[in-house]
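Source: prediction; values computed, not measured. Every number for a ligand or one of its atoms is a count from 1 in the order of the listing.
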Amino acid sequence: MRNFISVEDVQDINGLVRKALDFKADPLKNKQAGAGKRIGLIFLNPSMRTRLSTQVAAANLGMEAIVFNVGQDGWTLEFEEEAIMSGNTVEHVKDAAPILGNYFDILAIRTFPSLQNKADDYSELYIKQFIKYAGIPVLSLESATLHPLQSLTDILTIQEHFKEKRRPKIVLTWAPHVKALPQCVGNSFSQWVNAWGEADFVITHPEDYELDKQFTQGASITHDQDYALRDADFVYVKNWSTYNDYGRIYCNDPAWMLTNEKLLKTNHAKVMHCLPVRRNVELSDEILDGANSIVTQQASNRVWAAQAVLSELLKNTKG
Ligand SMILES: NCCC[C@H](NC(=O)CCC(=O)O)C(=O)O
Ligand SMILES: NC(=O)OP(=O)(O)O
């Protein structure tokens, strides 16, 4: 694996899940794989789980992880080619990335979308510029449109919790929120479930919240949440802002928040969320504190997904 920025970098999803589960069973089984290697974790935006799980995963592989909160502590980066840097940006990625490429063996980047300009965000300029100029494997810690480490964790968590000899029904449901959020988690979850191909997949959201078809193609899409939830085995809850009329909040109907009453329509569905979650806005206390929620196990599994991906990327490092 050269880089890890989307499901397209993965040849065998189930193989990668098995690798992650092997690390879960024996976290130190490959504790020398990253000996003498360093990963730089570059954050343009906040994080708890992604940052810490990747650090733990690196430590389990004997690799040193160095974190740089560039959005907080670093010089403001410019990403546009041929920019005339007379504004607020101080350093071009063209100058910074090769230096990071010399300091580290793997470079990991978190960068959210602006939600101002769809074409810019969906071009994935920031992470692509790091790939172009760093010269070492690049790992996405959530980019403008996707969150692949989260989605690998999600598929792993679903496989762990589903032991029946039939296809699970997985529902991705939109939920209300107070802020305009990225589409990354919904896009990425859809992309991975579709590529995995071993589930009946339904996406439900209010009108005008359609996600980009390049990620959702293959799923059934409905505006009727009650209908979508029928017989679901897993309900993945997530807010996102509008994609078509980009980055807006059209509907914040609290009726879209999942409750125990709605869960009665499902097949005792397990409830998932990537976290952080706004309690009693996106998801009710009764669900998050109830028996069906697996959000804590899901977040804990982030370590094993990161460890599996790092061990693949390490194969492409120099020396
Ligand atoms: N890394 C996982 C989710 C990150 C981000 N959530 C947020 O920005 C939440 C912010 C807030 O609740 O104010 C998102 O939805 O893509
Ligand atoms: N789910 C997730 O990516 O969490 P953080 O934003 O805390 O990394």
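- Ion pairing between a basic and an acidic side chain is recognised when a charged N comes within 4.0 Å of a carboxylate O; D289 and R279 show such pairing.
- Remark: of the listed residues K238, Q225, K262, Q225 is the sole one forming a side chain to side chain donor-acceptor pair (under 3.5 Å) with T173.
- Within 6.0 Å of the OH atom in Y103, the count of heavy atoms belonging to other residues, nucleotides or ligands does not exceed 12.
- I155 places a side-chain heavy atom less than 4.5 Å from the side chain of V193.
- Contact check on D200 versus R167 returns a salt bridge, with a Lys/Arg side-chain nitrogen under 4.0 Å from an Asp/Glu carboxylate oxygen.
- Counting heavy atoms from C-beta on, the side chains of F112 and L181 never come closer than 4.5 Å.
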**OP:** I would like to know whether R166 and E198 meet salt bridge (charged side-chain N to carboxylate O under 4.0 Å, His left out); could you show each step before the answer?
**Re:** CA-CA 9 Å; R166 61 174 176 86; E198 295 185 18; over 6 Å; no

**OP:** Determine, step by step, whether R248 and D245 satisfy the salt bridge (charged side-chain N to carboxylate O under 4.0 Å, His left out) criterion, reporting the C-alpha distance in whole Å, the side-chain angles of both residues, the deciding distance to 0.1 Å, and the verdict.
**Re:** CA-CA 7 Å; R248 292 172 190 269; D245 181 19; 3.0 Å; yes

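- A distance limit of 4.0 angstrom between heavy atoms and ligand 1 selects the residues R110, F112, E142, H147, H177, K179, L181, P182, K238, C274, L275, R278.
- Within 4.0 Å of ligand 2, protein heavy atoms come from S47, M48, R49, T50, R110, H147, Q150, C274, L275, R302.
- Side-chain N/O atoms of N60 and Q307 include a donor and acceptor closer than 3.5 Å.
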